[in-house]
There are 2 protein chains.
Amino acid sequence: MPKLGMEPIRKTALVKATITEIGRAGSLDVTVGQIAKRAGMSTALAHHYFGGKEQIFLAAMRHILTLYSAEVRGALATAATPEARLEAILLASFSATNFRREVVSAWLNFYVLAQTVPGARRLLAVYQRRLHANILHALRPLIGARADAVTEALGALIDGVYLREALSPRPSDGKAAVRMLQAYLSAELRN
Amino acid sequence: MPKLGMEPIRKTALVKATITEIGRAGSLDVTVGQIAKRAGMSTALAHHYFGGKEQIFLAAMRHILTLYSAEVRGALATAATPEARLEAILLASFSATNFRREVVSAWLNFYVLAQTVPGARRLLAVYQRRLHANILHALRPLIGARADAVTEALGALIDGVYLREALSPRPSDGKAAVRMLQAYLSAELRN
DNA sequence: TTTTTTGTTGATTGACGAGTCAATAAACTT
DNA sequence: AAGTTTATTGACTCGTCAATCAACAAAAAA
């Protein structure tokens with residue numbers, strides 16, 4: 001009993017299911033069958049809409065990146081001062097939506113994926129460039145020439161906190177993460 | 001033409017081959033066949049000595065952790081002041097042996113492995129505790145109560161730099177990494 | 001010298017999973 | 001009404017891979 005206009009619905013269902021499954025498996029060792037089942041359809045349909053496993057993964061990654069970007073952009077929109085811009089970036093990065101184990105695990109695995117799949121690498125590069133630009137733009141007026149080095153470090157620190165979160169046995173605590181990052185920043189700004 | 005006492009030789013060959021293959025594949029998607037071939041033996045022999053793929057992976061991980069620990073311990077041995085201890089840890093972490101793409105990629109993948117395989121998680125926990133203790137011990141006399149927070153941040157920062165290295169298109173530059181970490185430290189110590 | 005232990009592999013098994021295909025059916029077009 | 005497009009799946013193919021096994025060989029022990 002096929003209803004028309006299913007494509008976008010099926011696709012988003014598959015993308016969400018993919019993130020969930022990667023999160024729960026903690027690896028990319030997830031079969032199309034598992035994903036399709038969680039999304040409530042047959043394997044064949046998943047292939048029909050995406051053409052292959054790799055494309056499903058890429059779509060899922062694109063989805064996470066898009067969500068994150070939107071959140072950052074939204075938070076930046078209302079930030080007036082450089083300090084507020086930095087805070088906005090941090091809050092978005094560790095918001096309840098983004099800083100969930102599932103999502104963090106997916107991120108980690110996308111990093112791994114990016115080592116092999118050029119498409120994934122490109123996506124990640126886009127994200128990294130954007131983050132870099134945002135941070136740099138906020139830092140420049142505050143510390144001038146040192147901004148480059150601090151941007152680098154802050155980016156690495158964010159990734160590091162994510163990485164550790166993926167393995168932490170405790171429940172996610174975005175607040176604590178933000179506090180830590182802000183402590184780092186104030187140490188750098190104070191100088 | 002079997003020579004006796006092959007076991008340790010074969011085992012180390014397999015461990016090295018595993019790290020190489022994971023590094024070059026950029027993922028844990030490496031077959032026992034590939035590993036065995038690179039180590040110059042048959043698949044069956046690999047199974048014979050290790051019993052299974054998982055144990056090969058764990059042995060490889062143990063090997064990397066052991067090398068790293070030994071290097072840190074060696075560097076710490078000759079460090080007199082707390083500052084020197086910190087530097088020793090950083091230098092060891094980003095030494096030419098440890099901070100190679102191959103090894104870094106293996107690390108990243110072990111992080112992923114640790115999400116699923118309890119044995120891997122345990123190994124990683126040991127490493128993290130040790131690193132934490134070492135840094136904390138050096139920082140305490142310098143900044144007292146703030147040492148805990150800074151230790152946390154420094155650990156995450158190290159991991160983050162590793163993570164980014166795995167994806168960096170440029171060749172590894174341990175020196176630059178150490179400089180960056182030291183810049184962070186001096187900012188924190190100055191306060 | 002017979003037996004046991006250690007080293008070694010080619011061939012095989014058995015499972016699993018990605019991707020394809022043919023078939024079925026509802027909706028929309030002409 | 002006939003034809004086309006969209007949705008959907010069960011069944012199948014084909015490849016891959018972990019793990020096992022039987023068999024062979026050399027050294028050591030008996």
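Reminder, nothing fancy here: chain letters follow the sequence lines and each chain counts from 1.
Rounded to an integer number of Å, the gap from B/Lys37 NZ to C/dT8 P is 19 Å. Atom CE of A/Met6 is separated from atom C1' of D/dT9 by 16 Å (rounded to the nearest Å). The CD1-C1' distance, from B/Ile35 to D/dA19, rounds to 14 Å in whole Å. The interatomic distance linking B/Leu4 (CG) with C/dT4 (C1') rounds to 12 Å, in whole Å.
Nearest heavy atoms, A/Ala17 versus A/Ile35: CB-O, 3.6 Å.
One hydrophobic cluster holds both B/Val150 and B/Leu189 under the rule that ILVMFWY side chains link at heavy-atom gaps under 4.5 Å.
Within residues 38-61 of chain A, the residues having any heavy atom under 4.0 Å from DNA chain D are, by residue number, A/Met41, A/Ser42, A/Ala44, A/Leu45, A/His48, A/Tyr49. DNA chain D is contacted by no residue of residues 109-122 of chain A, taking any non-hydrogen atom closer than 4.0 Å. DNA chain D lies under 4.0 Å from at least one heavy atom of each of the following residues of residues 7-26 of chain A: A/Glu7, A/Arg10.
Checking side-chain atoms of B/Asn109 against main-chain N and O of B/Ser105 turns up a donor-acceptor pair under 3.5 Å. Counting only distance, with no hydrogens or angles, the side chain of B/Tyr184 and the backbone of B/Arg179 share no donor-acceptor pair below 3.5 Å. At distances below 3.5 Å, not a single donor-acceptor pair connects side-chain atoms of A/Arg190 with backbone N or O atoms of B/Ala187.
Side-chain atoms of A/Phe110 and A/Leu123, non-hydrogen and from C-beta on, never get closer than 4.5 Å to each other. By the 4.5 Å heavy-atom criterion applied to side chains, A/Leu67 and A/Thr97 are not counted as neighbours. B/Glu188 places a side-chain heavy atom less than 4.5 Å from the side chain of B/Arg146.
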Enumerate donor-acceptor pairs with a distance under 3.5 Å from any side-chain N or O in residues 45-63 of chain A to protein atoms, sequence neighbours excluded.
| residue | atom | partner | partner atom | Å |
| --- | --- | --- | --- | --- |
| A/His47 | ND1 | A/Thr43 | O | 3.3 |
| A/Lys53 | NZ | A/Val30 | O | 2.9 |

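Of the N and O atoms on the side chains of A/Gln115 and B/Ser27, not one donor lies less than 3.5 Å from an acceptor on the other residue.
Listed by first and then second residue, the ring-ring contact (aromatic ring centres under 6.0 Å, His included) pairs involving residues 117-145 of chain B are B/Tyr68-B/Tyr127, B/Trp107-B/Tyr127 (not counting sequence neighbours).
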Taking it one step at a time, do B/Arg24 and B/Glu102 satisfy side-chain contact (heavy atoms from CB on, under 4.5 Å)? CA-CA 7 Å; B/Arg24 83 162 19 201; B/Glu102 250 174 58; over 6 Å; no
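Once rounded to the nearest 0.5 Å, the distance linking CG of B/Leu91 with CG of B/Asn98 reads 11.5 Å.
For DNA chain D, if you chain together Watson-Crick or G-U pairs that step i with j, i+1 with j-1 and so on, the runs of at least three with distances under 3.5 Å are C:1-30 with D:1-30.
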